[in-house]
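Counting starts at 1 for both ligands and their atoms, in listed order. No experiment lies behind these values; they were computed from the predicted model shown.
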Amino acid sequence: MAPKPIIAPSILASDFGNLAHECSRIIKSEGADWLHIDIMDGHFVPNITIGAPVVTCIRHSVGKSEDWAKGVFDCHMMVAEPQKWLQDFKDAGCDLYCFHYEAAETSKDPKTPSTELIRNVHALGLKAGVAIKPGTEVDVLYPLLDGSGEKPDMVLVMTVEPGFGGQKFRPECMPKVEALRKKYPELDIEVDGGLGLGTIDQAAEAGANVIVAGTAVFGAQNPKEVIEKLRETVQRNLSK
Ligand SMILES: O=C(CO)[C@@H](O)[C@H](O)COP(=O)(O)O
Ligand SMILES: [Fe+2]
């Protein structure tokens, strides 16, 4: 199926004092497609955010969507041991478990490389995403996408060093997106970090269709308008 534009605001930039309301509002009133939920463990990245119990509360507040394209909980797992948290996040209501390739390949508890982790994610009925940091070559994803094993449903090309919101977009990551789009016309390709109205053209031209935007959406006077403009730009480029 041809990829569709998906706008996934990162709740890291929302008002955590009103988290449940912020999450409901951004999906139900402001027109976002997915919720991008950044999970940081203080090991894989030098920051800590939230764990599964908070995701459970958000899920109760937002409700469950059966539609892959709407209301998806896109959990970006910036954790050193992605296998360890899989069941907890499934129980919490995660739809898409997006782990870091770098973490899966080095995790020891237990040793679960990306191929096996994708299989485990699917076995729980979740979609699997594989993320790479700015310093990781795109080539590491090819054996996962071309191999005989179960394939990721999405790849995430980080456009900042993971760990913090509000950083500057790194255009040097765009050749990775271009290479992926050329090779996989139907793949969901997510970009994350520093995306907004000033940088969306570069990401959309490169071929990204899943756009994470935290500061640009939650910090906007009119989030709905920003979400619509991001979506239009992606759609225009996908239709070329
Ligand atoms: O995963 C991360 C950061 O590690 C991101 O999801 C950011 O939280 C996006 O925030 P903005 O750059 O859009 O403010
Ligand atoms: Fe993220």
Side-chain angles (χ1 to χ4, degrees), residues 5-16 19 22-23 26-27 30 32-52 54-55 58 72-80 82 85 89 94-104 127-136 152-174 176-177 188-204 208-221 223 225-227 229-231 233-234:
I6 294 169
I7 309 304
S10 162
I11 64 167
L12 197 57
S14 71
D15 173 6
F16 268 36
L19 188 56
E22 290 277 84
C23 293
I26 214 74
I27 292 281
E30 310 288 2
D33 300 296
W34 292 2
L35 270 191
H36 183 84
I37 306 177
D38 287 306
I39 310 297
M40 304 185 189
D41 68 350
H43 291 280
F44 183 70
V45 289
N47 198 5
I48 297 177
T49 54
I50 59 171
V54 178
V55 176
I58 304 173
V72 162
F73 276 25
D74 166 23
C75 294
H76 178 193
M77 304 301 298
M78 286 163 275
V79 299
W85 308 109
F89 276 79
C94 162
D95 299 296
L96 167 61
Y97 195 80
C98 185
F99 61 87
H100 269 266
Y101 173 85
E102 303 87 354
K127 303 281 185 183
V130 183
I132 53 171
K133 300 205 275 187
T136 303
D153 302 282
M154 185 190 82
V155 298
L156 162 54
V157 175
M158 287 302 295
T159 46
V160 296
E161 200 55 45
F164 299 90
Q167 300 182 73
K168 202 166 169 293
F169 174 78
R170 292 174 60 163
E172 67 271 25
C173 299
M174 288 305 94
K176 295 196 232 182
V177 176
D188 278 322
I189 304 174
E190 183 174 64
V191 283
D192 179 11
L195 272 307
L197 298 183
T199 50
I200 187 62
D201 284 328
Q202 294 173 72
N209 70 300
V210 185
I211 310 298
V212 176
T215 311
V217 168
F218 281 100
Q221 289 278 58
E225 200 174 89
V226 173
I227 289 169
K229 283 186 179 158
L230 294 173
R231 192 182 284 118
T233 307
V234 174

*Which atom of Asp38 approaches the Fe ion (ligand 2) most closely (N/O/S)*: OD1
*Where do Thr159 and Leu195 land on the side chain to side chain contact (heavy atoms under 4.5 Å, CB included) test, with the steps shown first?*
CA-CA 8 Å; Thr159 46; Leu195 272 307; 3.5 Å; yes
*asked:* Using side chain to side chain contact (heavy atoms under 4.5 Å, CB included), reason through His76 and Ile39 one step at a time and then give a plain yes or no.
replied: CA-CA 6 Å; His76 178 193; Ile39 310 297; over 6 Å; no
*Could you tell me the angle subtended at the Fe ion (ligand 2) by NE2 of His36 and OD2 of Asp192, rounded to 10°?*
100°
*Tell me, which residues have any heavy atom less than 4.0 Å from some atom of ligand 1?*
Ser10, Leu12, His36, Asp38, Met40, His76, Met78, Met158, Pro162, Gly163, Phe164, Gly165, Gly166, Asp192, Gly193, Gly194, Val212, Ala213, Gly214, Thr215
*Six-ring centre of Tyr101, Lys133 cation under 6.0 angstrom, axis tolerance 45°*: no
*Does a donor on one side chain and an acceptor on the other come within less than 3.5 Å for Ser10 and Asp38?*
yes
*Is Lys127 salt-bridged to Asp74, going by a charged N under 4.0 Å from an acidic O?*
no
*If we only count heavy atoms from C-beta on, is the Phe16 to Ile50 side-chain gap below 4.5 Å?*
yes
*Considering just N/O/S atoms, say which atom of His76 is closest to the Fe ion (ligand 2).*
ND1
*Please test Ile58 against Leu35 for side chain to side chain contact (heavy atoms under 4.5 Å, CB included), starting from the C-alpha separation and ending with a verdict.*
CA-CA 10 Å; Ile58 304 173; Leu35 270 191; 4.0 Å; yes
